[in-house]
Participant: 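Provided herewith is a single structure, encoded as structure tokens, for subsequent inquiry.
Just so we're on the same page: letters track the sequence lines, and every chain starts at 1. Excluded from the calculations below are hydrogen atoms, water molecules and symmetry mates; all remaining heavy atoms, backbone and side chain alike, are included.
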There are 2 protein chains.
Amino acid sequence: MSSVGIRSTRQRSAVTSALTELNDFRSTQEIHEYLKERGDSVGLTTVYRTLQALSSAGEVDAILREDGESIYRMCSPAHHHHLVCRSCGLTVEVEGPTVEKWADSVSAEHGFSSVSHTLEIFGLCPTCS
Amino acid sequence: MSSVGIRSTRQRSAVTSALTELNDFRSTQEIHEYLKERGDSVGLTTVYRTLQALSSAGEVDAILREDGESIYRMCSPAHHHHLVCRSCGLTVEVEGPTVEKWADSVSAEHGFSSVSHTLEIFGLCPTCS
DNA sequence: AACGAACTTGACAATCATTTTCATTAAGCA
DNA sequence: TGCTTAATGAAAATGATTGTCAAGTTCGTT
């Protein structure tokens with residue numbers, strides 16, 4: 001009857017394995033390029049669709065870079081944020097349970113639901129200071 | 001000799017007055033449209049440039065919507081964050097001394113200086129839930 | 001093992017926000 | 001008033017993302 005299946009295809013496993021290997025935030029275009037160079041070519045459109053599907057399924061993290069481009073990465077066990085050097089790009093992952101709790105309570109206070117948040121810290125790293 | 005002036009023009013005051021009147025987050029395109037309808041037409045390119053200039057001068061708040069489009073609004077006096085409804089765009093300003101302190105200490109821990117941060121919370125407001 | 005409905009794919013065209021180009025216009029100082 | 005230079009804006013360019021649709025696959029069913 002109604003099997004609303006998500007099928008497993010070569011393309012899908014290619015994308016997830018690329019994400020696993022890269023283990024870092026990458027844009028759709030970069031992942032597409034990576035797969036092409038590796039000889040495991042997947043259509044650009046398909047990479048877009050797959051990443052979006054994985055993202056809304058909660059299987060990958062998606063963040064919006066400052067220039068508006070979306071970048072994806074295999075979901076890491078814990079939700080965290082980034083401390084980015086404005087000059088050299090060095091990125092440090094930081095966690096903030098305090099912040100998470102704060103965001104949740106503020107949202108609840110105002111009656112918001114289905115909340116998500118973005119938090120990035122920019123500055124100059126020790127080397128670039 | 002070297003007069004590195006920022007000149008005051010009709011277009012610039014049109015953009016700032018539009019921002020003041022609207023008093024809400026709007027996209028560049030929306031502001032451009034608003035000015036055109038009001039008969040105080042300003043080129044789209046100029047609106048883009050003006051908003052970016054105002055933003056980097058710290059005179060307006062700029063945030064990146066989840067779809068990647070930039071939206072701007074007149075700066076309010078104190079540093080604060082936004083709780084934005086994904087559906088209707090309703091924006092609530094929220095303050096978070098906790099978050100500020102957390103961001104500062106995390107940065108210090110990693111030796112970062114000149115730090116700034118962005119934090120936006122997206123969700124569904126009570127009406128849109 | 002073959003069938004077939006529904007899901008997937010991918011080349012290409014279409015969108016759409018934003019940027020670049022560059023010739024024209026206008027601020028503001030001397 | 002004149003002149004230097006910033007500012008403007010129309011049009012073209014860019015670049016990421018989405019839509020289209022015919023052809024290819026998957027997988028439960030026969």
Participant: For B/His32 and C/dC16, what is the distance between atoms NE2 and C1' respectively, to the nearest whole Å?
Facilitator: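 Value for this atom pair: 15 Å.
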Participant: Between B/Arg38 and B/Ser17, do the side chains contain a donor N or O and an acceptor N or O under 3.5 Å apart?
Facilitator: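 A pair is found: one side chain offers a donor N or O, the other an acceptor, under 3.5 Å apart.
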Participant: Hey, are the side chains of A/Val106 and B/His81 touching, using non-hydrogen atoms and a 4.5 Å cut-off?
Facilitator: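 Answer no - side chains too far apart.
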Participant: Can you measure B/Lys36 atom NZ to D/dA10 atom P for me and round it to whole angstrom units?
Facilitator: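 The distance from NZ of B/Lys36 to P of D/dA10 comes to 9 Å, rounded to the nearest Å.
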Participant: Taking only residues two or more places apart in sequence or in another chain, which ones pass salt bridge (charged side-chain N to carboxylate O under 4.0 Å, His left out) with B/Arg65?
Facilitator: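 With sequence neighbours excluded, B/Arg65 shows a salt bridge (charged side-chain N to carboxylate O under 4.0 Å, His left out) to B/Asp67, B/Glu69, given in chain and number order.
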Participant: Starting at the 5' end of nucleotides 17-22 of chain D, put B wherever the base has a protein heavy atom under 4.0 Å, S where only the sugar-phosphate does, and a dash everywhere else.
Facilitator: BBBB--
Participant: I'd like to know if the side chain of A/Arg73 reaches the main chain of A/Arg26, judged simply by a donor and an acceptor atom lying under 3.5 Å from each other, with no hydrogens or angles considered.
Facilitator: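 Here the side-chain-to-backbone pair does not exist.
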Participant: How many whole angstroms separate atom CG of B/Leu35 from atom P of D/dT8?
Facilitator: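 Those two atoms, CG and P, are 13 Å apart.
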Participant: Could you check B/Leu64 against B/Ile71 for side chain to side chain contact (heavy atoms under 4.5 Å, CB included), going step by step and ending with a plain yes or no?
Facilitator: CA-CA 6 Å; B/Leu64 202 52; B/Ile71 50 181; over 6 Å; no
Participant: Short of 4.0 Å, heavy atom to strand atom, which residues of residues 10-26 of chain B count as contacting DNA chain C?
Facilitator: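 None - not one residue of the stretch has a heavy atom sitting under 4.0 Å from the strand.
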Participant: Find the distance B/Glu33:CD to C/dA17:C1' and express it as a whole number of Å.
Facilitator: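 Result: 15 Å.
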Participant: Could you verify whether a donor N or O on one side chain and an acceptor N or O on the other, from A/Tyr72 and A/Glu30, lie under 3.5 Å apart?
Facilitator: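 There is no such pair between these side chains.
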Participant: Got a second to check how far B/Ile121's CD1 is from A/Asp104's CG, nearest 0.5 Å?
Facilitator: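 Between B/Ile121 CD1 and A/Asp104 CG, I get 8.5 Å after rounding to 0.5 Å.
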Participant: Would you compute the distance between atom CG of B/Leu35 and atom OG of B/Ser41 and round it to the nearest 0.5 angstrom?
Facilitator: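 Between B/Leu35 CG and B/Ser41 OG, I get 7.5 Å after rounding to 0.5 Å.
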Participant: Taking atom C1' of D/dA6 as reference, at what distance in whole Å does atom CZ of B/Arg7 sit?
Facilitator: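 B/Arg7 atom CZ is separated from D/dA6 atom C1' by 4 Å.
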Participant: Taking atom CG of B/Asp40 and atom CZ of B/Arg10, what is their separation to the nearest 0.5 Å?
Facilitator: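 Answer for the CG-CZ pair, B/Asp40 versus B/Arg10, is 5.5 Å.
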Participant: Can you tell me the distance, in whole Å, between the CG atom of A/Asp40 and the C1' atom of C/dT9?
Facilitator: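 Checked: the CG to C1' distance equals 14 Å.
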Participant: How long is the line joining CD1 of A/Ile71 and P of D/dG15, in whole Å?
Facilitator: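 In whole Å, D/dG15 P and A/Ile71 CD1 are 19 Å from each other.
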Participant: Does the side chain of A/Thr50 get closer than 4.0 angstrom to OP1 or OP2 of C/dT8 through an N or O atom?
Facilitator: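 The answer is no; no side-chain N or O of A/Thr50 sits under 4.0 Å from OP1 or OP2.
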